[in-house]
Amino acid sequence: MSQRIKIKALLESGKTDIDVTVKGWVRAFRQNRFIALNDGSTNSNLQIVVDFENTDAVLLKRITVGAAISVNGKMAASLGQGQSVEVIATDIEVLGDSDPEKYPLQPKKHSLEFLREIAHLRFRTSTFGAIFRVRNTLSFAVHQFFQERGFVYLHTPVITQSDAEGAGEAFHVTNFDLDNVPRTDTGEVDYKQDFFGTATNLTVSGQLEGELGAMALSDIYTFGPTFRAENSNTTRHLAEFWMIEPEMAFYDLNDNMDLAEALLKYVIKYALEKNREDLEFLNQRLLDEEKTKPQAERSELSLLDKLQFCLDNNFERLTYTEAIDILKDSTPNKKKKFQYLVEGWGTDLQSEHERYLVEKHFKKPVILTDYPKDIKAFYMRQNEPDAQGRQTVRAMDILFPGIGEIVGGSQREERLERLEQRMDEMGIPKEELWWYLDTRRFGSAPHAGFGLGFERLVLFVTGMGNIRDVIPFPRFPKNAEF
RNA sequence: UCCUGAGUAGCUCAGCCGGUUAGAGCAUCUGACUGUUAAUCAGAGGGUCGCUGGUUCGAGCCCAGCCUCAGGAGCCA
């Protein structure tokens, strides 16, 4: 018996007349003769040809959709149309049966909603196989991009002390018996008795710790899970998601934008090369789906065209103030088609405004910079007021078609006085962040960084519509199953 | 959390104005066929109509509350 070979390697070799052993899961068993076998190494199934007239009937009955089997046989040029080679089986062993009455997957198209309910089995579909292979490639490409540039991969803590930076609701971490929480004389929760001796929560961002690393190692990045206890119920939010947060000493906002754009292009290009077959499958899946939609709702570019377009064009860079001017003059604003009309300077852009800029006006990724100070975080570097006295910060958001904000970042405020003043204004407790402020006290330097939502990136590259379909086991309000 | 829509067989869905025994395709099972590509043909089995309560002679359908899902919004990555 020969050693097991993965289907991807076998199909790539294209060899015939060799003895092989393959193992995988049955996707379909047609006409008692043809097994479509998939082992997850590639989107393609391997066709196994069974000589059913000379095979034990009991064994044939056990070859059902979902069963795990091992096959010995000889590679041959296929007589059929759908594949170039196939395995003529000489010996089949069922490693794990799959009761067809109970196995929920059928050799047909299932709805994504249904598959989400059986997330433990959806890996076995072509669509999710492709998605998670692409996700893996993107993840690897992120590391490779930064490693090629001398960045240090820094592990920032998952458990952090209190929610000082105010980046959304955090999950509490405690060792208390929740039926009997210790309290102080005044009736408040006595965190001194808790595991860490203080209130703690799951991280909402590794940025502040990342900055500490950058102020010694120059260029660092984090890539890990992040948690938000927001009651968000959308196609682009999760309670647990993965974020990439680079932080670079001696970078200004332009360097920051250059890096972010280079990163996005690098990983998209990498996926197009490494996962061509998967992306072609996802591309076709979308095209089939579009056929059912009215003409007006169909997208102008296919998935593959959209990705290539993204590589071939510079992202449009403009300031918040310029964006407001464009939006004010836009047709939907004048015709009052926006739900929220753009009137003055200073309020945050609504989703519909971002979509207009990205999908209608520029028709490509857009980087918005220099937002009003009042709608952004305390740590962003303050610009001098403009001629009209308007105050902005060196923020940048990258907006992608269909996704919205995929990157949010800024040049950081490195001037101690300005930073402390802003923290006071916003009610951020300076004492709790003494360690953060120390970087501004000792050898402070200009620096910048950003956060890239990894699932939003996977969403864009795979062309999927719901973020819950691009992470293996999504966590969202009212759901932590699997 | 707000707005809109949905929940009927394992899956996808139909079910008229409230009226007898709730249907179809696929899947499953049985048989036939055997170079198929979501195989084909014939037959069979399969239902707490999301849950709770109400209106009514009678509720899958009307009303109320709740649960879950989808899309959009907010928060954001």
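Lettering of chains follows the sequences in order, A, B, ..., and the numbering in each one begins at 1.
- Side chain A:H110 to base B:C11: no donor-acceptor pair is found below 3.5 Å.
- With A:Y221 as reference, A:H143 is the one residue of A:E247, A:R149, A:E245, A:H143 to meet the side chain to side chain donor-acceptor pair (under 3.5 Å) rule.
- Taking every side-chain heavy atom of A:T235 into account, B:G71 is the closest of B:G71, B:U12, B:C76.
- A:L79 comes within 4.0 angstrom of a nucleotide base, judged by non-hydrogen atoms across all strands.
- Pairing partner, B:A42: B:U30, with both Watson-Crick or wobble hydrogen-bond distances short of 3.5 Å.
- In this entry the distance linking CD of A:E352 with P of B:G74 reads 8 Å, nearest Å.
- Judged by distance alone, with hydrogens and angles left aside, A:K108 brings a side-chain donor or acceptor within reach of the base of B:C11, the pair sitting under 3.5 Å.
- Under the 3.5 Å distance criterion, with hydrogens and angles disregarded, a donor-acceptor pair is assigned to the side chains of A:E211 and A:Y436.
- Taking the ring axis of A:Y320 as reference, the NZ or CZ atom of A:K376 does not stay both within 45° of it and closer than 6.0 Å to the ring centre.
- At the heavy-atom level, A:Q106 lies under 4.0 Å from base atoms of the strands shown.
- A:Q47 comes within 4.0 angstrom of a nucleotide base, judged by non-hydrogen atoms across all strands.
- In this structure, A:F114 reaches the sugar-phosphate backbone alone: every heavy-atom distance under 4.0 Å involves primed, P, OP1 or OP2 atoms, never a base.
- For A:S232 and B:C76, a side-chain-to-base donor-acceptor distance below 3.5 Å is absent, hydrogens and geometry of angles not being considered.
- Going from atom CG of A:L459 over to atom P of B:G71 covers 11 Å, rounded to whole Å.
- A donor N or O paired with an acceptor N or O is not found under 3.5 Å between the base of B:C33 and the side-chain atoms of A:R33.
- A:F52 has its CZ atom 16 Å from the P atom of B:A39, to the nearest Å.
- Base pairing annotation: B:A64 forms a Watson-Crick or G-U wobble pair with B:U52, both donor-acceptor distances under 3.5 Å.
- Taking for each of A:F476 and A:Y340 the nucleotide of RNA chain B with the nearest heavy atom, the 5'-most of the two is the partner of A:F476.
- Checking B:A77, B:C29, B:U34 against the side-chain heavy atoms of A:Q31 singles out B:U34 as nearest.
- If you check B:A70 for Watson-Crick or wobble pairing at under 3.5 angstrom, you find it paired to B:U4.
- Nearest nucleotide to the A:Q350 side chain, out of B:A77, B:G72, B:A73: B:A73.
- Within 4.0 Å of A:V65, counting heavy atoms only, lies no atom of the nucleic acid at all.
- Separating the CD1 atom of A:I48 from the P atom of B:U36 is a distance of 18 Å, rounded to the nearest angstrom.
- Using the six-membered ring where Trp is involved, A:F132 and A:F123 have ring planes that are tilted, between 30° and 60° apart.
- Following rounding to the nearest Å, A:Q83 (CD) and B:A39 (P) show an atom-to-atom distance of 13 Å.
- For A:S111, the listed nucleotide lying nearest its side chain is B:U12; candidates were B:U12, B:U34, B:A77.
- Considering only side-chain N and O atoms, A:R116 lies under 4.0 angstrom from the phosphate OP1 or OP2 of B:A70.
- A:T234 has no side-chain polar atom (N or O) that falls below the 4.0 Å cut-off from OP1 or OP2 of B:A73.
- Per the geometry, OH belonging to A:Y371 stands 11 Å off P belonging to B:A77, to the nearest Å.
- Residue A:G451 is classed as a sugar-phosphate contact, given heavy-atom separations below 4.0 Å to backbone atoms only.
- Under the 6.0 Å distance and 45° angle rule, A:R456 does not count as a cation-pi partner of A:F400.
- Note on A:K61: every side-chain N or O is 4.0 Å or more away from OP1 and OP2 of B:U28.
- Within 4.0 Å of A:P104, counting heavy atoms only, lies no atom of the nucleic acid at all.
- Here A:R30 does not reach the OP1 or OP2 of B:C33: none of its side-chain N or O atoms lies under 4.0 Å away.
- For B:A77, there is no paired nucleotide, since no Watson-Crick or G-U wobble pair has both relevant distances below 3.5 Å.
- Among the protein residues, A:K102 comes within range of no part of the nucleic acid, since none of its heavy atoms lies under 4.0 Å from any strand.
- Nucleotides of RNA chain B nearest to A:L105 and A:S78 differ in position, and the one nearer the 5' end is that of A:L105.
- Counting heavy atoms from C-beta outward, A:K306 and A:F460 have side chains that approach closer than 4.5 Å.
- In this model, a side-chain donor or acceptor of A:E86 finds a partner on the base of B:G35 within 3.5 Å.
- Atom CZ of A:F241 is separated from atom C1' of B:A77 by 5 Å (rounded to the nearest Å).
- Taking the six-membered ring where tryptophan is involved, the planes of A:Y266 and A:Y270 are essentially parallel, since the angle between them stays under 30° and well short of 60°.
- No N or O donor and acceptor, one from the side chain of A:E53 and one from the base of B:U34, sit under 3.5 Å apart.
- Remark: A:N466 is in phosphate contact with B:G71, judged by side-chain N or O atoms under 4.0 Å from OP1 or OP2.
- Relative to the six-membered ring of A:F315, A:K265 meets both conditions, a distance below 6.0 Å and an angle of at most 45° to the axis.
- When each of B:U28, B:A77, B:A70 is scored by its nearest atom to the side-chain atoms of A:R468, the top-ranked nucleotide is B:A70.
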